[in-house]
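Encoded as structure tokens, the structure appears first; notes follow it.
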Amino acid sequence: MSTFLLVHGAWHSGRAWERVVPLLKSAGHRVFAPTLTGYGDKAHLLSPEIGLETHVKDVVELIREEDLTDVALVGHSYAGLVISSVTNDVPERVAHLVYLDAMVPEHGEAGIDIHPFTQNLIDQAAESGGGWRIPPLPEMPPPLGLFGVTDPADVAWLRATLSDQPVDCLREPVRLDNPAVKSIPRTHIHCVGAAPEGITRRPVPAMQPNGSPSQVRELPTGHDCMITMPAELTELLLKTDL
């Protein structure tokens, strides 16, 4: 039995994993899919003080409170930043990192460094008077949809779960200066369906930091694959080399 800790991306909540959690559990694994501070049922906690380190603390505290070990730590999108700093804090508890269509940072980088278009979103929020919070992105015509989700019923469900994104989550730097992090194997899962203009993915190096060949998997769908292809995603997660 493995322990999967699924961390949602920007604007989303733990509900994003509702179709994946039962599939992993039915395969006999422990699964945690927390909602980070300021999102979903914790949206009332949204404030200008929330940043990347807030969400890192959320996950580290869950790991310690539940005494989780040998964790397969999965980060979707923005949460690639979160799981990186989490692993920097508790590397002894993480068995594998899975970057799910995610930002993959180096030490000291922030979201705005990896995806410069996010600075445009921050600037637009400031111009509109919001300043410290970015509203959810609008739905676009197919095949882009809402985060890659195009089924009308799924779009309506997803839209109801989204919350504003605090800008400091994208401006605070990731911490990856713990040498122990380099020994932890990684898997990259890329969603290779349609993507909006201006969003590019960094090439994955041929070798992982631990010296083994990089593991890159692909799903032929949009960004929110946990909604559009939950069974296929689960199959890839179950093949993760733990």
Side-chain angles (χ1 to χ4, degrees), residues 2-10 12 32-34 36-39 49-66 68-119 121-122 165-191 199-217 223 237 240-242:
S2 299
T3 298
F4 288 89
L5 204 172
L6 312 176
V7 187
H8 64 81
H12 291 59
F32 296 83
L36 303 176
T37 299
Y39 304 105
E49 288 70 39
I50 291 176
L52 173 62
E53 285 299 321
T54 310
H55 296 153
V56 172
K57 182 180 178 182
D58 288 341
V59 179
V60 169
E61 287 184 349
L62 172 63
I63 290 173
R64 287 176 170 157
E65 288 170 1
E66 297 289 342
L68 304 183
T69 57
D70 296 323
V71 175
L73 188 55
V74 182
H76 178 243
S77 195
Y78 152 73
L81 309 179
V82 179
I83 67 171
S84 297
S85 283
V86 167
T87 304
N88 199 70
D89 287 350
V90 288
E92 71 283 359
R93 293 178 179 267
V94 179
H96 203 108
L97 286 166
V98 180
Y99 289 91
L100 177 57
D101 218 36
M103 297 182 183
V104 184
E106 299 291 338
H107 174 65
E109 286 190 317
I112 57 175
D113 300 314
I114 299 167
H115 286 320
F117 84 94
T118 56
Q119 182 62 59
L121 299 178
I122 293 172
Q165 174 71 13
V167 298
D168 278 353
C169 295
L170 302 170
R171 295 194 296 204
E172 290 183 1
V174 166
R175 294 176 290 100
L176 272 174
D177 55 354
N178 187 334
V181 174
K182 292 184 177 180
S183 65
I184 299 171
R186 303 179 174 191
T187 294
H188 302 264
I189 301 177
H190 294 163
C191 299
I199 299 181
T200 58
R201 181 183 293 114
R202 285 181 176 177
V204 176
M207 304 298 290
Q208 299 184 48
N210 65 3
S212 13
S214 289
Q215 300 184 53
V216 181
R217 309 289 184 259
H223 187 54
L237 292 176
T240 299
D241 185 18
L242 296 173

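Values below: every heavy atom of this structure, side chains too, minus hydrogens, waters and symmetry copies.
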> If we only count heavy atoms from C-beta on, is the Ile63 to Asp89 side-chain gap below 4.5 Å?
Replying inline: no

>> Which heavy atom of Arg171 sits nearest to which heavy atom of Ile122, and what is that distance?
In response: CG-CD1, 3.8 Å

> Hey, are the side chains of Ile189 and Val98 touching, using non-hydrogen atoms and a 4.5 Å cut-off?
Replying inline: yes

>> Quick one: does any side-chain atom of Glu53 pair with a main-chain N or O of Glu172 as donor and acceptor, under 3.5 Å?
In response: no

>> On a heavy-atom basis, which atom in Ser77 and which in His223 lie closest, and how many Å separate them?
In response: OG-NE2, 2.9 Å

>> Using only atom types and a distance under 3.5 Å, with no angle test, would you say the side chain of Ser214 pairs donor to acceptor with the backbone of Pro205?
In response: yes

> Quick one: are Leu97 and Arg186 in side-chain contact, heavy atoms under 4.5 Å?
Replying inline: yes

> Looking only at atom types and distance, does a side-chain atom of Asn88 sit under 3.5 Å from a main-chain N or O of Asn178, one as donor and one as acceptor?
Replying inline: yes

>> Checking the side chain of Gln165 only, and the main-chain atoms of Ala10 only, is there a donor and an acceptor separated by less than 3.5 Å?
In response: no

>> Between Arg202 and Glu109, is the salt bridge (charged side-chain N to carboxylate O under 4.0 Å, His left out) condition met? List the steps.
In response: CA-CA 13 Å; Arg202 285 181 176 177; Glu109 286 190 317; 2.7 Å; yes

> Tell me, do Arg175 and Val56 make a side-chain contact under 4.5 Å, heavy atoms counted?
Replying inline: yes

>> If you compare all heavy atoms of Tyr99 against all heavy atoms of Ser84, which two are closest, and at what distance to 0.1 Å?
In response: OH-OG, 2.8 Å

> Which atom pair, heavy atoms only, marks the closest approach of Ser212 to Asn210?
Replying inline: OG-OD1, 2.6 Å

> Given side chains that start at C-beta, do those of Pro34 and Tyr39 come closer than 4.5 Å, heavy atoms only?
Replying inline: no

>> Given 3.5 Å as the limit, does a donor-acceptor pair link the side chain of Asp58 with the main chain of Leu36, or not?
In response: no

>> Is the shortest side-chain heavy-atom distance between Met207 and Pro213 below 4.5 Å?
In response: yes

> So do the side chains of Pro91 and Ile184 get within less than 4.5 Å of each other, counting heavy atoms only?
Replying inline: yes

> Hey, does His115 have a side-chain heavy atom less than 4.5 Å from the side chain of Tyr78?
Replying inline: no

> Of His190, His76, His188, Arg201, which is the lone residue that meets side chain to side chain donor-acceptor pair (under 3.5 Å) with Asp101?
Replying inline: Arg201

>> Restricting to non-hydrogen atoms, name the atom on Gly80 and the atom on Pro105 that form the minimum distance, rounded to 0.1 Å.
In response: O-CD, 3.9 Å

